[in-house]
Amino acid sequence: MAVKIRLARHGAKKRPYYRVVVADGRMPRDGRYIEEIGRYNPLTNPKTIDINLEKVDEWISKGAQPSNTVSHLVEIVRSGAPVVEKKAKLSKKAQAKAAAAAEAAAEEAAEASADAPEAEAE
């Protein structure tokens, strides 16, 4: 029996919430599992990762294979480092608005600096 440590997806549509489970490799992703050993919520800020490292080590010593994602989450929990958030890419409209706002701010600053010497001269 090939035992895997992997994520089981729960939560509503477009609102994922994961359980870290130990399951037979032949079972479906969200199907029957042997034991739940943690939880992972990617929607909170910062992301919530709650994994029982003692149980992870126990199952790995018994021969369970963690998935790539679970291995990464376990490394994060062991190091205690916060999860690095990726910067969201702006849409073309949002980029255009930001550029227009920056240009307007630059023009206002130029006008303010041009008005300042005139005020001092008077």
Side-chain angles (χ1 to χ4, degrees):
M1 176 167 85
V3 177
K4 306 269 186 195
I5 302 174
R6 62 185 180 199
L7 298 178
R9 189 184 193 279
H10 293 278
K13 181 178 176 182
K14 300 198 179 203
R15 305 284 300 162
Y17 181 83
Y18 298 95
R19 292 180 185 171
V20 181
V21 298
V22 178
D24 182 353
R26 297 171 291 188
M27 290 292 134
R29 178 193 70 183
D30 301 333
R32 189 174 67 209
Y33 56 88
I34 300 168
E35 183 178 12
E36 180 183 331
I37 58 174
R39 296 174 183 270
Y40 169 57
N41 189 351
L43 299 178
T44 59
N45 194 5
K47 296 177 181 178
T48 305
I49 305 171
D50 179 31
I51 298 177
N52 187 337
L53 294 176
E54 293 174 3
K55 288 187 179 182
V56 170
D57 293 336
E58 180 183 324
W59 278 104
I60 290 176
S61 69
K62 291 179 184 177
Q65 296 293 315
S67 67
N68 292 339
T69 306
V70 171
S71 298
H72 181 68
L73 292 174
V74 168
E75 287 176 17
I76 290 170
V77 171
R78 286 190 201 279
S79 68
V83 180
V84 177
E85 294 288 330
K86 292 182 181 176
K87 290 185 177 179
K89 292 184 180 180
L90 294 176
S91 66
K92 289 184 180 180
K93 280 187 177 180
Q95 288 177 351
K97 283 184 180 180
E103 188 176 309
E107 288 176 8
E108 288 179 19
E111 289 176 9
S113 63
D115 292 340
E118 292 176 5
E120 291 174 8
E122 292 177 7

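All values derive from a computational prediction rather than experimental measurement.
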Hydrophobic cluster membership, with links at side-chain heavy-atom distances under 4.5 Å among I/L/V/M/F/W/Y: are [X] and [Y] in one?
X     : Y     : answer
Tyr17 : Leu73 : no
Met27 : Tyr18 : no
Ile49 : Val70 : yes

For residues 60-69, which residue pairs qualify under side chain to side chain donor-acceptor pair (under 3.5 Å), counting only residues two or more places apart or in two chains?
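For residues 60-69, and leaving out neighbouring residues, the side chain to side chain donor-acceptor pair (under 3.5 Å) pairs sorted by first residue read Glu58-Lys62.
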[atom1] of [X] to [atom2] of [Y]: how many Å apart, nearest 0.5 Å?
X     : Y     : atom1 : atom2 : answer
Lys4  : Asp24 : NZ    : CG    : 10.0 Å
Lys14 : Leu43 : NZ    : CG    : 12.5 Å
Ile51 : Ile76 : CD1   : CD1   : 8.5 Å
Arg19 : Glu35 : CZ    : CD    : 13.0 Å

Co-members of the apolar cluster containing Val21 [side chain, <4.5 Å]:
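Once heavy-atom contacts under 4.5 Å are chained together, Val21 belongs with Tyr33.
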Assess whether side-chain contact (heavy atoms from CB on, under 4.5 Å) is satisfied between His10 and Arg39, documenting all intermediate values.
CA-CA 10 Å; His10 293 278; Arg39 296 174 183 270; over 6 Å; no
I would like to know whether Glu107 and Glu103 meet side-chain contact (heavy atoms from CB on, under 4.5 Å); could you show each step before the answer?
CA-CA 6 Å; Glu107 288 176 8; Glu103 188 176 309; 3.8 Å; yes
Counting only N and O atoms by type, is there a donor-acceptor contact under 3.5 Å from the side chain of Asp30 to the main-chain atoms of Arg9?
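Yes.
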At their closest point, which heavy atom of Pro42 faces which heavy atom of Lys47, and how far apart are they?
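Scanning both residues, the minimum pair turns out to be O-CG, 3.7 Å.
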Please find the pair of heavy atoms, one from Asn41 and one from Pro16, that lie closest to each other, and give the distance.
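Looking at all heavy atoms of both residues, the closest pair is OD1-O, 3.9 Å.
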side-chain hydrogen bond (donor to acceptor under 3.5 Å, both in side chains), paired with Thr48, selected from Asn45, Thr44, Asp50
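Answer to the side-chain hydrogen bond (donor to acceptor under 3.5 Å, both in side chains) test with Thr48 among Asn45, Thr44, Asp50: Thr44.
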Val56/Val20 under side-chain contact (heavy atoms from CB on, under 4.5 Å): CA gap, chis, key distance, verdict:
CA-CA 10 Å; Val56 170; Val20 181; 5.7 Å; no
